[in-house]
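See structure below.
Order of appearance sets the numbers: ligands from 1, and atoms from 1 within every ligand. Quick caveat, the model's predicted, so the values are computed rather than measured.
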Amino acid sequence: MTVTIKKVGVIGSGQMGNGIAHVAALAGLDVVLNDVSDERLRSAMATINGHLSRQVAKKAITEDARKQALARISSTETLDGLADCDLVIESAVEKEEVKRKIFHELCSVLKPEAIVATNSSSISITRLAASTDRPERFIGIHFMNPVPAMELVELIRGIATDDLTFDTAKEFVTRLGKQVAVSEDFPAFIVNRILLPMINEAIYTLYEGVGNVEAIDAAMKLGAHHPMGPLELADFIGLDTCLSIMQVLHEGLADSKYRPCPLLVKYVEAGWLGRKTQRGFYDYRGDKPVPTR
Ligand SMILES: CC(=O)CC(=O)SCCNC(=O)CCNC(=O)[C@H](O)C(C)(C)COP(=O)(O)OP(=O)(O)OC[C@H]1O[C@@H](n2cnc3c(N)ncnc32)[C@H](O)[C@@H]1OP(=O)(O)O
Ligand SMILES: NC(=O)C1=CN([C@@H]2O[C@H](COP(=O)(O)OP(=O)(O)OC[C@H]3O[C@@H](n4cnc5c(N)ncnc54)[C@H](OP(=O)(O)O)[C@@H]3O)[C@@H](O)[C@H]2O)C=CC1
């Protein structure tokens with residue numbers, strides 16, 4: 001048995017939130033996108049339109065589908081605007097205190113039967129669930145970046161997540177045309193438990209002078225057939241998010257092998273967060289990306 005999902009709320013309109021809104025609207029669901037400022041929301045709508053238009057140009061979708069998907073997405077600056085959603089997916093920054101505050105406010109306005117999910121990359125689902133009034137209707141629905149292009153979504157149950165919530169989340173993900181991988185609730189789940197230590201090691205390889213940015217990325221693209229080099233991928237994910245995930249792994253598993261590279265910490269402290277701030281391991285402000293080391 002599953003719950004019928006017609007209206008989906010998405011909190012956070014950054015690269016992941018706008019991707020989730022994009023694929024949900026294309027699948028025929030009504031979407032309400034929330035962020036802290038109107039400027040962010042306008043920029044997210046423009047990004048979604050740009051990605052939909054690219055799909056039209058590639059003949060992956062029709063012009064009519066683009067228009068209908070856009071018309072299904074509304075936006076709101078307040079969590080009140082999500083009150084009648086059947087499912088709300090939180091996709092704000094990877095900071096536990098921010099997420100807990102969102103859930104606290106959200107649950108006070110959201111209808112009691114609605115399901116709450118997080119797109120967190122690493123944080124304990126059980127702990128986040130405990131900050132809500134509905135741990136049994138709370139689940140991790142972890143999309144991959146870029147959402148419209150990646151096939152996989154991880155589903156993570158907290159200790160209290162009930163079968164109805166799990167089955168409904170699975171049906172929702174399937175409706176979006178994505179494949180499910182089920183992960184137990186341990187730090188960073190499956191994909192990031194494997195991927196982020198590789199990225200962190202690439203940053204150590206740079207830090208220790210084994211290779212420069214170009215050599216490291218070329219090595220993994222041409223030598224291991226990765227679609228993006230690890231430093232290019234780190235910039236794509238966001239260096240703040242990469243650091244947060246490594247911190248969750250380091251603290252959660254108490255093993256020094258997950259120690260975040262000091263160079264990653266330095267880039268984040270500089271506000272060089274990758275593509276989203278135009279500078280990270282590459283500088284994106286010119287015509288083409290230029291390595292910063
Ligand atoms: C951190 C976490 O918690 C978990 C994660 O997400 S980890 C990150 C996981 N993601 C990856 O590892 C991505 C690795 N990179 C890739 O797979 C590829 O480089 C890529 C798919 C991003 C681009 O592939 P490409 O062949 O160079 O580009 P291109 O042919 O232009 O695009 C392929 C598709 O991706 C879409 N796409 C590319 N970039 C996009 C973006 N930024 N946003 C939305 N869609 C995008 C394109 O529209 C295209 O879609 P269609 O197949 O429907 O036409
Ligand atoms: N990047 C990735 O590859 C992946 C990320 N994730 C996860 O998805 C989540 C979002 O990441 P991502 O989209 O990359 O991050 P971004 O930094 O691109 O976007 C986060 C968005 O959330 C907004 N925000 C911050 N606080 C609030 C709030 N209280 N209420 C509503 N919106 C808020 C931010 O606004 P402002 O900038 O103004 O603070 C920003 O627009 C994180 O949990 C991350 O771990 C999951 C899979 C892949």
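Nearest to atom 2 (C) of ligand 2 by heavy atom, out of Thr277, Val153, Asn145, Val248, is Asn145.
Using a 4.0 Å cutoff on heavy atoms, Lys99 counts as a contact of ligand 2.
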Give me the pairs of N or O atoms, one from ligand 1 and one from the protein, that sit under 3.5 Å apart.
from, atom 1, to, atom 2, distance (Å)
ligand 1, 3 (O), Ser121, OG, 2.8
ligand 1, 3 (O), His142, NE2, 2.7
ligand 1, 3 (O), Asn192, ND2, 2.8
ligand 1, 6 (O), Asn145, N, 2.8
ligand 1, 10 (N), Asn145, O, 2.7
ligand 1, 30 (O), Lys58, NZ, 3.4
ligand 1, 37 (N), Arg54, NH2, 2.9
ligand 1, 39 (N), Arg54, NH2, 3.1
ligand 1, 43 (N), His51, NE2, 3.3
ligand 1, 45 (N), Arg54, NH2, 3.4
ligand 1, 48 (O), Arg54, NE, 3.2
ligand 1, 48 (O), Arg54, NH2, 3.3
ligand 1, 54 (O), Lys58, NZ, 3.3

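Closest heavy-atom contact between Ser120 and Leu128: CB-CD1, 4.4 Å. Taking both residues in full, the closest heavy atoms of Leu155 and Ala169 are given as CD2-CB, 4.0 Å, listed atom of the first, atom of the second, then distance.
The protein non-hydrogen atom at the shortest distance from atom 21 (C) of ligand 2 is Gly14 N, 3.7 Å. The shortest contact between atom 18 (O) of ligand 2 and any protein heavy atom is with Gln15 N, 3.2 Å. The protein atom (non-hydrogen) at minimum distance from atom 42 (C) of ligand 2 is Ala92 O, 3.1 Å. In terms of protein heavy-atom proximity, atom 26 (N) of ligand 2 is nearest to Val98 CG1, 4.0 Å. In terms of protein heavy atoms, atom 13 (O) of ligand 2 is closest to Met16 N, 2.9 Å. In terms of protein heavy atoms, atom 40 (C) of ligand 2 is closest to Asp35 OD2, 3.8 Å. Protein heavy atom nearest atom 17 (O) of ligand 2, with residue, atom name and distance: Lys276 NZ, 3.0 Å. Closest to atom 8 (O) of ligand 2 among all protein heavy atoms lies Asn119 ND2, 3.1 Å.
Any N or O atom pair closer than 3.5 Å counts here, and Ile237 shares at least one such pair with ligand 2. For ligand 2, none of its N or O atoms has an N or O atom of Ile102 under 3.5 Å away.
Of all the heavy atoms of His142, the ones lying under 4.0 Å from any atom of ligand 2 belong exclusively to the side chain. The part of Arg40 lying near ligand 2 is the side chain, judged by heavy-atom distances below 4.0 Å. With a heavy-atom cut-off of 4.0 Å, Phe236 does not touch ligand 2 at all. Within the 4.0 Å heavy-atom criterion, the part of Ile11 lying near ligand 2 is the side chain and not the backbone.
Without hydrogens or angle criteria, Ser43 side chain to Glu39 main chain gives no donor-acceptor distance under 3.5 Å. Between the side chain of Gln55 and the backbone N or O of Arg66, no donor-acceptor pair lies under 3.5 Å. Of the possible donor and acceptor atoms, none in the side chain of Gln68 sits under 3.5 Å from a partner among the backbone N and O of Gly28.
For ligand 2, the atoms closer than 4.0 angstrom to any heavy atom of Ser91 are 8 (O), 9 (C), 10 (C). Proximity to Ser121 (heavy-atom distance under 4.0 Å) selects the following atoms of ligand 2: 5 (C), 6 (N), 7 (C), 44 (C), 45 (O), 46 (C), 47 (C). With ligand atoms numbered from 1 in the order given, ligand 2 contributes 42 (C), 43 (O), 44 (C), 45 (O) to contacts under 4.0 Å with heavy atoms of Glu94. Residue-ligand proximity, Phe143 to ligand 2, at heavy-atom distances under 4.0 Å covers atoms 46 (C), 47 (C), 48 (C). Every atom of ligand 2 is numbered from 1 in the order shown, and the set under 4.0 Å from a heavy atom of Asn34 is 31 (C).
For the side-chain contact (heavy atoms from CB on, under 4.5 Å) criterion with Leu110, the lone passing option out of Asp80, Asp133, Val88 is Val88. Each of His104, Glu97, Glu96 was checked for a side-chain hydrogen bond (donor to acceptor under 3.5 Å, both in side chains) with Arg100, and the lone residue meeting it is Glu96.
Counting non-hydrogen atoms of neighbouring residues, nucleotides and ligands closer than 6.0 angstrom, the CG atom of Leu164 exceeds 12 such neighbours. More than 12 heavy atoms of other residues, nucleotides or ligands shown are found within 6.0 angstrom of OH on Tyr284. Heavy atoms from other residues, nucleotides or ligands lying under 6.0 Å from NZ of Lys276 number more than 12. Sparse packing is recorded around NZ of Lys59, with 12 or fewer heavy atoms of other residues, nucleotides or ligands lying under 6.0 Å away. No more than 12 heavy atoms of other residues, nucleotides or ligands sit less than 6.0 Å from atom CZ of Arg40.
The residues Arg134 and Asp162 are annotated as not salt-bridged, no charged nitrogen and carboxylate oxygen being separated by less than 4.0 angstrom.
Residues satisfying the ring pair (Phe, Tyr, Trp, His ring centres under 6.0 Å) criterion with Phe172, sequence neighbours excluded, are absent altogether.
Both Leu26 and Val173 belong to a single network of hydrophobic side chains, linked directly or stepwise wherever heavy atoms of I, L, V, M, F, W or Y lie under 4.5 Å apart.
Under 3.5 Å, the side chains of Arg293 and Tyr207 contain no donor-acceptor pair of N or O atoms.
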